[in-house]
Amino acid sequence: MPSDGSRQMAEPLLKVEGLRTYFQTDDGLAKAVDGVSFDLRKGETLGLVGESGCGKSATALSILRLIPEPPGEIAGGAVLFRGRDLFGLSKEEMRGVRGNDIAMIFQEPMTSLNPAFTCGDQIDEAVMLHQGLGRAAARERTVEMLRRVGIPDPVRRADEYPHRLSGGMRQRVMIGMALSCNPDLLIADEPTTALDVTIQAQILELLERLQQELGMAVLMITHDLGVIAGVADRVAVMYAGKIVEMGQVEEIFAAPGHPYTRGLLASIPKLTGAQDRLRVIPGAVPDATRFPEGCRFHPRCSHADALCREQAPALLDVIPGHAVACWKAEGYPA
């Protein structure tokens, strides 16, 4: 990976500015993503973390313009990839970006592959579409990708249907498909959620190795801060449609500034031998159609006061490169 200095000097590969994605529901307008901004540089891994319902997957789908319209709508903001606004591209131009320049590993490997086609046929299709290869050359690329992601006997496995593979093998096929066109950016949406712990570790090691080989950037979406600690350079903590803390992984793990981040860290089981009860954050993520006034975390926060209930804090640096959206954070420029 590039050094911290060279990464800071380089222009962002991806820049998300004020992204807003809303959904029309029977209960009203759901503001799933409500003013999200971040950037990502070549070779960097940014972790996007938060509980289910915080807007992480909606953010990823918005970047690739995969939000179903209706009921969804990208209501504002910009997504710049290599300086080009993806929201200004035609549908045909956007199809050329998806899978080729930006690839995505979706949740649930058990259901992400089409059961009606062999694993090899599904990778062949992506390679032929984006790389312009013939069928024979595409199959050579497919077999090579299956080999690189650690699938034994890739020639035979390419002719297998997904239901004949284990969950871990299916996830490897999904990774092979995503990387078959050598993308500059990989979005990995909960890539290990449906897998057991030992397979999770193998998949994360595989992604890290392939990232170093290909030099791509990775947006890693997860609810698991343990995963982020092992793979990410920076982390953005998302809550109720907004980013509430962002910075270098080491800094945030050592000195989290937002009470939500502290709650997530405290809820990680610790192998110390102590018999303490597992800590939890009380309450639940609010419904996106009924966000509270002020700081959206205040109903679950033991430190909230009148200011927190009345005014929403902006995401501001408390030290250079470490931003927090909390009136109570140490160093917050209130």
Side-chain angles (χ1 to χ4, degrees), residues 16-39 46-60 62 67 71-78 221-223 225 228 234-247 251-253 255-267 279-334:
V16 177
E17 299 179 332
L19 178 63
R20 293 183 288 121
T21 301
Y22 299 163
F23 292 86
Q24 292 288 348
T25 75
D26 292 340
D27 296 325
L29 188 66
K31 298 181 178 181
V33 182
D34 198 18
V36 165
S37 300
F38 62 85
D39 56 43
L46 174 67
L48 187 59
V49 66
E51 294 170 280
S52 296
C54 285
K56 307 184 302 298
S57 294
T59 298
S62 298
I67 296 295
E73 174 193 11
I74 296 176
I221 298 172
T222 181
H223 63 274
L225 276 170
I228 295 301
R234 292 187 299 129
V235 58
V237 181
M238 196 166 181
Y239 183 78
K242 292 182 176 292
I243 291 176
V244 297
E245 186 161 7
M246 183 160 53
E251 293 176 358
I252 287 183
F253 273 66
H258 198 282
Y260 180 60
T261 309
R262 292 196 294 271
L264 291 176
L265 288 168
S267 67
R279 297 184 183 182
V280 298
I281 304 173
V285 178
D287 189 310
T289 63
R290 293 187 294 274
F291 286 139
E293 295 293 326
C295 172
R296 293 178 180 179
F297 186 66
H298 85 255
R300 306 174 70 185
C301 181
S302 60
H303 305 289
D305 60 14
L307 178 62
C308 304
R309 290 187 287 271
E310 294 169 2
Q311 296 185 35
L315 184 68
L316 300 174
D317 278 358
V318 291
I319 60 172
H322 184 172
V324 182
C326 177
W327 296 114
K328 304 297 183 182
E330 183 176 352
Y332 189 79

A.B. asks: State yes or no: are the ring centers of His258 and Tyr239 separated by less than 6.0 Å?
C.D. replies: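 So the answer is no for these two rings.
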A.B. asks: Locate the shortest heavy-atom distance separating Ile221 from Ala60; write the atom from each residue and the value.
C.D. replies: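 Taking every non-hydrogen atom into account, CD1-CB, 3.4 Å.
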A.B. asks: What closest approach, in Å, do Met238 and Tyr260 show between heavy atoms, and which atom pair accounts for it?
C.D. replies: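 Heavy atoms only, the tightest pair is O-CE2, 3.5 Å.
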A.B. asks: Going from CD on Gln24 to CD on Glu73, what distance comes out if it is rounded to the nearest 0.5 angstrom?
C.D. replies: 7.5 Å
A.B. asks: With a 3.5 Å cut-off and sequence neighbours excluded, list the donor-acceptor pairs that the side chains of residues 316-326 form with protein atoms.
C.D. replies:
{"residue": "His322", "atom": "NE2", "partner": "Glu245", "partner atom": "OE2", "Å": "2.6"}

A.B. asks: Let me confirm one number: the CG-NE2 distance from Leu264 to His223, rounded to the nearest 0.5 Å.
C.D. replies: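 With rounding to 0.5 Å, CG (Leu264) is 10.5 Å from NE2 (His223).
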A.B. asks: Checking side chain to side chain contact (heavy atoms under 4.5 Å, CB included) for the pair Leu19/Ile74: CA distance, chi angles, key distance, verdict?
C.D. replies: CA-CA 8 Å; Leu19 178 63; Ile74 296 176; 4.1 Å; yes
A.B. asks: Rounded to the nearest 0.5 Å, how far does CH2 of Trp327 lie from CD of Glu310?
C.D. replies: 11.0 Å
A.B. asks: Indicate the atoms forming the closest heavy-atom contact of Thr261 with Pro256, along with that distance.
C.D. replies: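 Looking at all heavy atoms of both residues, the closest pair is CG2-CB, 3.8 Å.
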A.B. asks: Evaluate the side chain to side chain contact (heavy atoms under 4.5 Å, CB included) criterion for residues Phe38 and Leu46: first the C-alpha distance (whole Å), next the side-chain angles of each, then the deciding distance (0.1 Å), finally the verdict.
C.D. replies: CA-CA 9 Å; Phe38 62 85; Leu46 174 67; 3.5 Å; yes
A.B. asks: For Phe291 and Gly241, work out which heavy atoms get closest and say how close.
C.D. replies: CZ-N, 4.5 Å
A.B. asks: So, for Thr289 and Gly28, which heavy atoms are closest and what is the spacing to 0.1 Å?
C.D. replies: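 Heavy atoms only, the tightest pair is CG2-O, 3.7 Å.
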A.B. asks: Measuring only between side-chain heavy atoms, which start at C-beta, is Cys295 closer than 4.5 Å to Cys301?
C.D. replies: no
A.B. asks: Just so I know, are the side chains of Val285 and Arg296 near enough to count as touching, which here means a heavy-atom distance under 4.5 Å?
C.D. replies: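 Counting from C-beta outward, Val285 and Arg296 never come under 4.5 Å.
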A.B. asks: Look at the side chain of Lys31 and the backbone N and O of Arg20, then say whether any donor-acceptor pair between them is shorter than 3.5 Å.
C.D. replies: no
A.B. asks: Look up atom CG in Leu265 and atom CD1 in Ile252, then write down how far apart they are to the nearest 0.5 Å.
C.D. replies: 9.0 Å
A.B. asks: Counting distance only, does the side-chain N/O of Thr222 pair as donor-acceptor with the main-chain N or O of Val49 below 3.5 Å?
C.D. replies: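 Checked: no pair found.
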A.B. asks: Does any donor atom in the side chain of Thr25 or Asp27 lie under 3.5 Å from an acceptor atom in the other side chain?
C.D. replies: no
A.B. asks: Working to the nearest 0.5 Å, report the span between CD1 of Ile243 and OG1 of Thr59.
C.D. replies: 7.0 Å
A.B. asks: Taking all heavy atoms of Leu225 and all of Phe253, pick out the closest pair and write down the distance.
C.D. replies: O-CZ, 3.4 Å
A.B. asks: Could you give the distance from SG (Cys308) to NZ (Lys328), rounded to the nearest 0.5 Å?
C.D. replies: 5.0 Å
